[in-house]
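See structure below.
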Amino acid sequence: MRRVWLSGLLCLVLIGGGACSPAADKPGVAVAGPSASIAYRPGAPGAGDPYFPTYGNGGYDVAGYDLALRYDPKSGELGGTATITATATQDLAGFHLDLAGLTTKSVRVDGTKATARQDGNELIVTPAAGLVRGRSFTVVVDYGGKPGQLSNKTLGEGGWLKSGAGAIALGQPESASTWFPVNDHPSDKATFKLAMTVPDGLEVISIGVPGERKSSGGWTTWQWTESSPLASYLSTVAIGQYRVTTSTHDDKPMVIAVPESLPATGPAARSLARTGEVADFLATEFGPYPFDSYGGFVVADERIRYALETQTRPAYGAGFFSSGENAVVVAHEIAHQWFGNSVGIEQWRDIWLNEGFATYAEWLWEEHDGGRSVQRSFDRTYAGFDWKQTPGDPGAARLFGDGVYQRGGMTVHALRKTIGEEAFAELLTTWTSEFRDVNANTDDMIALAERLSGQDLDAFFQAWLYDKKKPTY
C-alpha cells in the first residue's frame, strides 16, 4: 500500500472492524455424525492477531473462494453465491465466516443444509455433522443485499464503495467481508475466482487472469481467476466505465484499466504503461515475477487517496498522477507482488516486511531510472527522521505510519550495508523463493539474514526495528 498527501491531509488505506460472537467460546460438544464420540468444538471467532483480535477466524484453512455475483448499480444490490473450499484444522462443531452488512439466504456444507445465523459482522455456521480435523469440506453461501463500508475507530472506513455508475471494493487490513463471506486475515491465503455480472456498458476489473466474457439480456458476465493463494485484503473488484487494454508481457496477460474520464494518453495511462518495465527491473533484484498475470487500474474517485497492491493488478488513486507521470508509485506496488503478496505476513505487526521492502524498491527504481541513488534516498530520510516511530511492532494506530514505511526502508538498506552486497542479493532472492505463496514473520527474516551472512544480527535488528533512538550503520 502506498499513501499520498492530498489537500494537506495524510490519507491512508481504509479499514473496518468485526464482531465477536460468544458462541465460539462454548466448550466442546458432541455433534451428530459418523464420529459422534469426538468432542467437537466451535472454531474461534478471530484469528488471534494481537492488533485486531476479531479479524479472521479459527478452526479451518481456506483453499479457495469461487464467487458468482451480480451487481445492479441502480439499486445498489449485490447478490449471488460464494463457494468456499476449506480444511478443518480442529474437530469442528461449527465455524465463523466474516460477512459484513449482507444477508445470508442459505448455507450448505458438503451439500447438506447447515444452520446459520448472523451476529454483527460474523456469519456463524453449524453443519449438520461435525467436521473431523484434517477433513476437507465445501461451503456454499447464497447471500445478498446492499454492501457498504466497515468502520474502524483508529483507521477509518473501507470496503465496498459505490462510485459513479459502478462500485469498487478495496481496503486494508480488512475489506473483503463487505462483499463476500471470507476468513478475513492474511494468515489464511486462498485462491480466488470471480464471475461478476453487471449491466452492459460497464467494465469489471479484478485480479488474476481474465476469462471469457458472456452477454445475455442486457447483462455481461466478466470472469477472473487468480490461481496463486492470496490474503483476502488483496482481492478487489472495480465496476465502471474503463478504458481496458489487454496485452501480453513475458507470455502472461497484462491488463491495464484507466477510467474513461481520464485522458487516454495522460499521466495515469503513461505511468501504468510502464508496469512491465518496472516488473522486469524488480525481477533482476527480487527473482522471477511470482504470478500468472500483470497489470493495474486507476480509480477516479477522490475518496480513494491511496494505492493498494491488490494481487497481480494494483489499484491506484488518480491523485498520484495529478502532477504528471509517476512510475515510483508503480514500483512500490509492483514490489509488493513479491513482498506482501507472494510472501505474506503472519500477523499485522510484521507489516514492515511488506512496506519497508516496497519503499526500498522505490529507491532502487529511482536510481535505475536516472534519479537519486539509493544511498542519497537513505541519507535524506535518515537525516530528518523521528526515531520514536519504530517498524518492528508499530501498534495498530501506526500500522501505516512513517516508522513502517520510511524506517522500514532504511532498515533494508542498513542491512545491505551490514551484511554486504553478495549476502544481501542472495537474501532477496532466497526470501522470495523459500517463502513463495506462504506466510512469514520478522523472526524468519532475521534467521535467514543470519544464515546467509554468517553474522549475529540480533543487535542490528533490535536497533533498527525496535529501539526509539537513532541507530548507526
Side-chain angles (χ1 to χ4, degrees), residues 1 43 47-49 55-67 82-89 95 97-98 134-139 141 169-177 179-195 206-211 223-237 252-253 255 279 286-295 308-315 333-348 350-351 353-354 357-358 430-441 444:
M1 186 270 290
D49 193 304
Y55 285 15
N57 306 282
Y60 62 93
D61 179 72
V62 177
Y65 299 98
D66 190 344
L67 311 178
T83 301
I84 303 165
T85 54
T87 299
T89 58
F95 55 90
L97 290 163
D98 301 302
R135 170 187 165 185
S136 62
F137 60 97
T138 300
V139 185
V141 182
L170 197 66
Q172 184 189 20
E174 184 189 45
S175 65
S177 61
W179 62 293
F180 64 95
V182 60
N183 193 11
D184 212 356
H185 190 271
S187 59
D188 192 0
K189 300 175 71 171
T191 60
F192 178 86
K193 292 180 67 177
L194 173 65
S206 190
I207 62 173
V209 176
Q223 300 187 69
W224 301 88
T225 300
E226 175 50 36
S227 58
S228 295
L230 72 151
S232 52
Y233 76 94
L234 299 173
S235 64
T236 188
V237 63
K252 299 176 181 180
V255 180
F286 303 153
Y289 181 76
F291 300 121
D292 292 335
S293 65
Y294 298 85
L308 183 61
E309 61 271 19
T310 42
Q311 192 152 307
T312 72
R313 197 148 296 114
E333 303 308 331
I334 296 300
H336 275 310
Q337 305 310 308
W338 287 267
F339 294 92
N341 294 16
S342 178
V343 184
I345 54 174
E346 291 182 351
Q347 295 184 331
W348 283 109
D350 294 312
I351 194 172
L353 291 169
N354 298 1
F357 279 88
T430 302
W431 178 260
T432 59
S433 60
E434 287 192 1
F435 293 97
R436 181 171 179 169
D437 290 338
V438 298
N439 300 85
N441 59 37
D444 293 322

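When each of V139, T87, N183 is checked for a side chain to side chain contact (heavy atoms under 4.5 Å, CB included) with Y60, only N183 meets the rule. Between E226 and the choices K193, Q311, R313, the side-chain hydrogen bond (donor to acceptor under 3.5 Å, both in side chains) rule is met once, by Q311. Partner W338 forms a side chain to side chain contact (heavy atoms under 4.5 Å, CB included) with one of F435, F291, F286 and no other, that one being F286.
L170 contributes atom CG, which lies 5.0 Å from atom CG of L308 (distance to the nearest 0.5 angstrom). Distance check: L234 CG to T310 OG1 gives 7.5 Å after rounding to the nearest 0.5 Å. Separation of atoms CG (D437) and OG (S228) is listed at 5.0 Å; rounding is to 0.5 Å. Note that the OG1 atom of T236 and the CD1 atom of I207 stand 8.0 Å from one another [nearest 0.5 Å]. From L194, atom CG reaches atom CH2 of W224 across 9.5 Å, with rounding to the nearest 0.5 Å. Here NE2 of H185 is found 10.0 Å from OH of Y233. Values are rounded to the nearest 0.5 Å.
Side-chain atoms of K189 come within 3.5 Å of backbone atoms of N341 as a donor-acceptor pair (strictly under, hydrogens ignored). No side-chain donor-acceptor contact under 3.5 Å links D98 to the backbone of S177.
In this structure, the side chains of P210 and P253 come closer than 4.5 Å at one or more pairs of heavy atoms. Residues L230 and S235 form a side-chain contact, since some pair of their non-hydrogen atoms from C-beta on lies under 4.5 Å apart. Taking the side chain as every heavy atom from C-beta outward, W348 and E174 never approach each other to under 4.5 Å. Side chains of T138 and I84 form no contact here, defined as non-hydrogen atoms less than 4.5 Å apart. No side-chain heavy atom of Y65 sits less than 4.5 Å from a side-chain heavy atom of T191. Side-chain contact between I334 and E309: absent, with no pair of heavy atoms (C-beta onward) separated by less than 4.5 Å. Using a 4.5 Å cut-off on side-chain heavy atoms (C-beta onward), W179 and V237 make contact. The closest side-chain heavy-atom distance from Y294 to V255 is not below 4.5 Å.
Partners of D66 under the side chain to side chain donor-acceptor pair (under 3.5 Å) rule, at least two apart in sequence or in another chain, do not exist in this structure. Taking R135 as the reference, D110 meet the salt bridge (Lys or Arg N to Asp or Glu O under 4.0 Å) condition, with sequence neighbours excluded. The side chain to side chain donor-acceptor pair (under 3.5 Å) test applied to D292 returns S227, not counting sequence neighbours.
Counted by atom type alone, N354 and H336 present zero donor-acceptor pairs between their side chains at under 3.5 Å. Checking N441 against E346 by side-chain atom types alone, a donor-acceptor pair falls below 3.5 Å. S232 and D184 are linked by a side-chain donor-acceptor pair at a separation below 3.5 angstrom, with hydrogens and angles left out of the test.
The two residues R436 and S342 make their nearest non-hydrogen contact at CG-OG, 3.4 Å. The two residues W431 and A440 have their closest heavy-atom pair at CH2-CB, 3.5 Å. Across N439 and S187, no two heavy atoms sit closer than the pair OD1-O, 3.5 Å. Minimum interatomic distance between P314 and G295 (heavy atoms only, all atoms of both residues): CD-O, 3.2 Å. Minimum heavy-atom separation, G48 to Q347: O-NE2, 3.9 Å.
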